[in-house]
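Because the structure is predicted, anything quoted here is derived from the model rather than measured.
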Amino acid sequence: MALTQDQLNQTLWAAADSSRVQVDASIYKDYALAVLFFKYLSDKSKAEVKKLKERFGDNQERIDEKMKLSRFYLPKGASFDDVYAQREQDNIGEILNKALRAIEDQNDKKLRGIFGALDFNSEAVLGKLEARNRMIRNLLNDFKQIELADTSEDIIGNSYMYLIERFGADAGKKAGEFFTKSQVAELVARLARPRPGDRICDPTVGSGGLLLLAGKEVQKQGSNNFALYGQESKGSTYQLCRMNMYLHGMDSARIEWGDTLNEPQLVENNHLMKFDIEVANPPFSLDKWGYEKASSDKYNRFWRGIPPKTKGDYAFISHMVETLKPKTGRMAVIVPHGVLFRGASEGRIRESLIKENLIDAVIGLPAGLFQTTGIPVAILVIDRSREKGGERENEDKILFIEASKEYKPGKAMNSLEPENADKIFNTFNERKEIERFSRLVPISEIAENDYNLNITRYVDTFEPEPEIDIKATLKEIAELKPKLAELEEKMNKYLQELGIE
């Protein structure tokens, strides 16, 4: 019987977490999630072989022929069950490595290098022989109990994201670097408003959750007509993203490995690809982002100005704007608040974006939503349909939303609940003005403020003190005086009875 989403989430977490020994969670997650992916491939393959045997009987040649045409094909001796049967061997790490490489080789077009540089036989990473063998055996034993053949890809994919988020919470900042909290990611995806037929990109894709949620927004509209693209600089996270796409049935997603700012890989005909939608949660204020090469960037992405050497926020924003389709493209990006008001080169870039009429909304979020930082952050929504020649070129106001109080408090972290996210999105979507929450601000007013986008300059959050009715208060005091006198008299009587003067 197939597991429900909650059952699979809890079962997988219990299995993955209980198998860990001395390995740090930020490293261990890569190995645990790779074994989960291996189990998924094996269970799905085994189920498909069973169906083919019912059809073709013992005709192994015909079965192999059909399997080689399916989504993936596991060569003989390379299934989870094959490895599990050898789990007590001293070289189990080597056996597992061999099986994973055989799968990559057999499915070269789709799964080439998907297990990356993972080495289950590495003493440097996983410890000495006895310790690492114990970890591998625990993983194999625990995942052996989980049957994934009849579980839908959507549920398996969601569980994969659940594990990534749990590992991030467990490991703190190190593991939290590569995913965006799911509630925030969903809001960002909604704010970008992807539509059927769109090319959707996340240039700092991480493990792919935000990109998948953007695709899901199109699926909510009853369409599977969209294409996903992403680039990730960290090799192990890039592999997690590829597995994540596969588990969600997004085999055709194009995910590239490399530094987006210094080596953009999403290129066609020697030009940067253009996208209808972009979403991202780039690393905040990245140091050493590539300042030295920016002035000679062959794609001229930084023509508005070169961001500071130690703060790459506007480098990512500039890249995203330049890779949006002119006059139609839209993007939503998470940024630290400094992006809204810092001066010098950042101020000049911000001024240019405002003068070009590209900024559609500035949304301030609560503090404590991320493991990587406790500071409040903002979402910038940029819409190139506002530029000259675009459908919204006559729009001359920027919507400011001050949503710092829209959260549910938690012990370690705050959370953005559905009702909070809905309030933010509906206000954005309807461009509503709500007292002490949102305001449409003319660009002329922003110019008067030296192109500063600090939200509290434009949305007054001051709560007036309630007016005191002095006459009513004096009357209340007068009514209380006789009662106080009576109480004092009783108290004195009790004290006298106790012998206390």
Identify all side-chain donor-acceptor contacts of residues 72-79 below 3.5 Å with residues at least two apart in sequence or on another chain.
from	atom 1	to	atom 2	distance (Å)
Ser79	OG	Asp81	N	3.4
Ser79	OG	Asp82	N	3.1
Ser79	OG	Asp82	OD2	2.9

With a distance cut-off below 6.0 Å to the six-membered ring centre and an angular limit of 45° from the axis, does Arg301 pair with Tyr299 as a cation-pi contact? no
Tell me whether [X] contacts the main-chain N or O of [Y] through its side chain, where contact means a donor paired with an acceptor under 3.5 Å.
{"X": "Asn107", "Y": "Lys110", "answer": "no"}
{"X": "Asp202", "Y": "Gly230", "answer": "no"}
{"X": "Gln231", "Y": "Gly258", "answer": "yes"}
{"X": "Arg242", "Y": "Arg112", "answer": "yes"}

Under 4.0 Å between a side-chain nitrogen and a carboxylate oxygen: does that hold for [X] and [Y]?
{"X": "Asp422", "Y": "Arg190", "answer": "yes"}
{"X": "Lys311", "Y": "Glu346", "answer": "no"}
{"X": "Arg199", "Y": "Glu268", "answer": "yes"}
{"X": "Lys50", "Y": "Glu48", "answer": "no"}
{"X": "Asp360", "Y": "Arg330", "answer": "no"}

Pair up each side-chain donor or acceptor in residues 289-296 with any protein partner under 3.5 Å, not counting sequence neighbours, and list the distances.
from	atom 1	to	atom 2	distance (Å)
Trp289	NE1	Pro308	O	2.7
Trp289	NE1	Lys309	O	3.4
Ser296	OG	Lys293	O	3.2

Name every donor-acceptor pair, under 3.5 Å, that has one atom in a side chain of residues 221-228 and the other anywhere in the protein, sequence neighbours excluded.
from	atom 1	to	atom 2	distance (Å)
Gln221	NE2	Pro194	O	2.8
Gln221	NE2	Glu217	O	3.1
Ser223	OG	Asn225	N	3.0
Asn224	OD1	Gln219	NE2	3.0

Can you see whether Thr4 engages Asp6 through a side-chain donor-acceptor pair at a distance of less than 3.5 angstrom? no
Please report whether the ring centroid of Phe143 lies less than 6.0 Å from that of Phe80. no
